[in-house]
There are 2 protein chains.
Amino acid sequence: MAVYTDVAADDLAAFLAPYDLGDLLSYKGIAEGVENTNFLLHTTRGSFILTLYEKRVAEDDLPYFLALMAHLAARGVSCPQPAKTRDGTICGTLSGRPAVVINFLEGVWPRRPGVVHCAGVGEALARMHLAGLDFPHYRSNPLSVGGWRPLFNMAASRADEIQPGLRDFIAAELAHLEGCWPQQLPTGVIHADLFPDNVFFIGDTLSGLIDFPFACNDILAYDVAICLNAWCFEPDLAFNATKARALLSAYQRARPLSEAEQAALPLLARGAAMRFLLTRLVDYLDVPEGALVKPKDPLEYVRKLRFQQTVATIRDYGVEAAGAVA
Amino acid sequence: MAVYTDVAADDLAAFLAPYDLGDLLSYKGIAEGVENTNFLLHTTRGSFILTLYEKRVAEDDLPYFLALMAHLAARGVSCPQPAKTRDGTICGTLSGRPAVVINFLEGVWPRRPGVVHCAGVGEALARMHLAGLDFPHYRSNPLSVGGWRPLFNMAASRADEIQPGLRDFIAAELAHLEGCWPQQLPTGVIHADLFPDNVFFIGDTLSGLIDFPFACNDILAYDVAICLNAWCFEPDLAFNATKARALLSAYQRARPLSEAEQAALPLLARGAAMRFLLTRLVDYLDVPEGALVKPKDPLEYVRKLRFQQTVATIRDYGVEAAGAVA
């Protein structure tokens, strides 16, 4: 929620010159995206988003997800498309940062996701997974099961500051997940961060998916599990099975989950909760005392993880097993 | 530089319903304005700014500056115009805050103001002063000479933490300013905060003035003095007489300064430096240690004040006295 890097108008105009985006009319730093600096540009040709990539997004990975957005958009998935310069370059440099311009996607993200939004995101996620099947590039997921222990090691000694017993709780769960993480499920391109603030709606209609810097190749159903955690809990962290049913049913109408995927879903949801618990924990402990910008609460994902530990089968998410929609 | 208050899409749509602004397509929290929360809206009828008023802007003062923007815009000063609901209301309530929608003004503010920008702001300021002459409302300036001692009293005991000797320096200067602050100069509506981030340009052409929450009735030449301090120093805080000449000459082509105003300008510039020194000092001391958002540096205005103390006449700003433009 911040502009980490300001940009002078002259520098921006020079940066934009090789693109066919018209003349710059205005640009505003926008308070979305916790990882990067984003500006909303108005030019004589329309609206665009300029992103300056800050920490956590390795420059080497940029070509992967820029190509991915172009690939998905070409297959009818509504997502931003990166602008190319007249000589075909996508990524430039501005204020010392890798910088990319994408077209602006109209729509608002749901602050209070309802059943209709959960159905929308379920369908869009499945369509994204299908559209990604022939994407020719590969990027492993640094935040899948293999990436969790290094995160835990960074935070373990101070985890009990957040909640007494948290260190042991995570240690036991992590050992369990590492011991039985599924290896044979269908994989493909996943978004890996499809939270409500990355999904736009105009009225009740989904208008697009944004923010692909965590996209990678991983278990497709793991992406579904991330969404279950991100979309189907109430503000008081009670699980809402009606929303989960809407999400899973809409997903399965476009891409039915196999029996193996269905059976693994509760475990994948535990892993998905672990992933966000750990990154939030590290971020939380990394913030100086008294900071004005509060990091996201890791305990939210402790609660979600505890819920997922109680789930036995996909029926607990409100849907019938084996692909039959409830 | 922050979004202090988030807004849900449903709440925003309900808030917008009584206006004729079309259907909401998107809204982004923008990182401009240190006092308020601002969103850039796209609707089917164009672009707008939604402001939620946070601290420091008394709700009682809102009608003054909303009426002022409408008044100035009607007289050809390019500034945002507040939108009215179908029953003529300007100010509503959203997320518990007074909230106003204005039309979006295209343009970019100069991060590195040059001579052309200084000339632009000088002319625009004079035209704003002329257009405000028949504005029928009155608001005294809480941050003129009478408001400085209370600010000093808030910060005095800790001023030397910022710089040894700062307390005595301010005390002496404040006593001087209180003793000889001019009483007979022409008054009218002043912007009172016309820093570069409140002045938009497209190319080299000024496209508008924004952000009127400090507007009030006060000495017109005091507004000029604020601009001298805000626009005519280099990043190393060296005074740039070429920029000052451009600003003052352009101002005087539209509204020549009287001999009395010219004679008082160096004193007014000391006062203008004192005003921003004091508010920055209070803000600086008010911020918790370790905060991520750094307040503006009060020492910048100590340096500017020390320069203004050395100015004897308007000639030191690069212009000939008595209205003759150098």
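In this text, all values refer to a predicted model and were calculated from it rather than measured experimentally. Throughout, a chain's letter reflects where its sequence line sits, starting with A, and its residues are numbered from 1.
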Contacting moiety of B/Ile202, where chain A heavy atoms sit under 4.5 Å
side chain

Side chain, backbone, both or neither of B/Ser47 within contact of chain A (heavy atoms, under 4.5 Å)
side chain

Any non-hydrogen side-chain atom of A/Phe39 less than 4.5 Å from a side-chain atom of B/Lys28?
no

Step through the shown structure and confirm whether more than 12 heavy atoms of other residues, nucleotides or ligands are within 6.0 Å of CZ on B/Arg127.
no

Does A/Thr85 have any side chain to side chain donor-acceptor pair (under 3.5 Å) partners at least two apart in sequence or in another chain, and if so, which?
A/Asp87

Shortest non-hydrogen contact from A/Gly107 toward B/Ser26
O-CB, 3.3 Å

Select one option (side chain, backbone, both, neither) describing which atoms of B/Asp11 are under 4.5 Å from chain A's heavy atoms.
both

Nearest-0.5 Å distance that lies between atom CG in B/Leu25 and atom CZ in A/Phe104:
8.5 Å

Decide yes or no for B/Val108 and A/His42: does some side-chain heavy atom of the first lie under 4.5 Å from some side-chain heavy atom of the second?
no

Given side chains that start at C-beta, do those of A/Leu40 and B/Ile30 come closer than 4.5 Å, heavy atoms only?
no

Is B/Arg112 reaching over with its side chain to a backbone N or O of A/Ala8, donor-acceptor style, under 3.5 angstrom?
no

